[in-house]
Amino acid sequence: MKLGEPLQQMATSKTHQQTSILVQAAAAACEDKKGVDTRILELDPADSGLSDFFLVTSATNDRQAVAIADEIEHRLKRDFGMMPNSVEGRRNGEWILLDYVDFVAHVFLAERRAFYDIERLRKSAKPFTVPEFDTELKNALAEKTRAVRSASKSSGAVKKNAPAKRPAKTAVKKSPTKTLPAKKRPAKKAVAKRKSAGRRK
């Protein structure tokens with residue numbers, strides 16, 4: 001193991017889980033707008049130079065495809081402050097692609113989805129339905145929570161055995177000092193009038 005590898009793995013898994021949460025929200029948006037046969041493809045790390053996930057769903061007509069894409073974009077912006085890096089195909093509505101860098105959402109018309117068949121092209125990807133993906137994500141987050149709790153319990157035992165800290169010194173209260181009011185200076189106009197009056201005499 002090289003120096004820095006565990007930190008990199010930890011950061012990568014954290015980013016992967018954050019991306020999973022975004023994908024879950026986008027899939028929920030698809031379901032809310034009656035997307036058909038919504039699938040999530042977890043891309044193989046060896047192949048995924050592009051992104052970690054593909055979200056693929058179908059619409060029955062181009063208006064519904066645009067509505068699904070709009071809902072994904074709106075929900076991710078509202079809930080997470082995320083905007084897509086690029087959006088393609090919104091005008092036609094046959095195949096709308098929302099690129100969020102770590103995942104890509106594809107909204108197809110049913111016949112276009114059958115023609116391009118992204119699921120077949122990405123054979124190494126691990127396919128999930130929305131409920132399967134939700135279960136997988138919940139299990140991963142529960143495992144992470146258990147790991148953090150067990151780590152905090154073991155570090156808590158070390159803290160209990162540590163010597164007690166000395167009590168903090170009490171601060172001595174100082175008596176309030178009286179502040180003298182500052183001398184008021186005459187306004188500039190008054191000073192100028194006095195000078196001009198002195199010159200006239």
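Along the sequence shown, residues carry numbers from 1. All values below were derived from every heavy atom in this structure, side-chain atoms included, with hydrogens, water molecules and symmetry-related copies excluded.
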Handout entry: Within one Ile-Leu-Val-Met-Phe-Trp-Tyr cluster: Val36 and Leu97, side-chain cutoff 4.5 Å
Key = no
Exercise for the section: Could you tell me which non-hydrogen atom of Cys30 sits nearest to which non-hydrogen atom of Thr57, and how far apart they are? Expected result: SG-CG2, 3.7 Å
Handout entry: Atom CZ of Arg78 with >12 non-hydrogen neighbours under 6.0 angstrom
Key = yes
Problem - Distance (rounded to the nearest 0.5 Å) between Ile118 CD1 and Arg39 CZ - result: 14.0 Å
Handout entry: Nearest-0.5 Å distance, CG of residue Asn85 to CE of residue Met83
Key = 10.5 Å
Handout entry: Residue pair Ala65 / Gly93: nearest heavy atoms and the distance that separates them
Key = CB-O, 3.3 Å
Practice task
Could you tell me the separation between the CD atom of Gln17 and the CD atom of Glu143, rounded to the nearest 0.5 Å?
Solution key: 10.0 Å
Practice task
Quick one: list whatever passes side-chain contact (heavy atoms from CB on, under 4.5 Å) with Ser20, sequence neighbours left out.
Solution key: His16, Phe53, Phe133, Leu137
Practice task
Using the side chain to side chain donor-acceptor pair (under 3.5 Å) rule, pick out the option among Arg113, Glu111, Gln64 that qualifies with Ser58.
Solution key: Arg113
Problem - Val87-Val101 co-clustered via ILVMFWY side chain contacts under 4.5 Å - result: no
Completion exercise
Residues passing the salt bridge (Lys or Arg N to Asp or Glu O under 4.0 Å) test with Glu71, sequence neighbours excluded, are Arg75
Handout entry: Side-chain touch Asn92/Asp62, heavy atoms, less than 4.5 angstrom
Key = no
Handout entry: For Leu43 against Ser51, the heavy-atom pair lying closest together
Key = CD1-O, 3.3 Å
Handout entry: From CA spacing to verdict: side-chain contact (heavy atoms from CB on, under 4.5 Å), Thr38, Leu55
Key = CA-CA 7 Å; Thr38 302; Leu55 171 67; 3.7 Å; yes
Practice task
Find out if a path of hydrophobic residues (ILVMFWY) with successive side-chain heavy-atom gaps under 4.5 Å connects Val66 to Leu76.
Solution key: yes
Fill in the blank from the handout: Sequence neighbours excluded, the answer for salt bridge (Lys or Arg N to Asp or Glu O under 4.0 Å) partners of Asp99 is none
Handout entry: Full working for side-chain contact (heavy atoms from CB on, under 4.5 Å) between Asp102 and Leu22
Key = CA-CA 9 Å; Asp102 290 332; Leu22 293 174; over 6 Å; no
Exercise for the section: Report, as yes or no, whether the 6.0 Å neighbourhood of atom CZ on Phe115 holds more than 12 heavy atoms from other residues, nucleotides or ligands. Expected result: no
Handout entry: Asp52 and Val23, any side-chain heavy atoms less than 4.5 Å apart
Key = no
Fill in the blank from the handout: d(Asp37 CG, Glu119 CD) to nearest 0.5 Å is 7.0 Å
Fill in the blank from the handout: For Ala69 and Ile96, the nearest pair of non-hydrogen atoms, with its separation, is CB-CG2, 3.7 Å
Exercise for the section: Evaluate the side-chain proximity of Glu42 to Phe103: yes if any heavy-atom separation is below 4.5 Å, no if none is. Expected result: no
Exercise for the section: Return the orientation label for the Trp95 and Tyr116 ring planes: parallel under 30°, perpendicular over 60°, tilted otherwise. Expected result: tilted
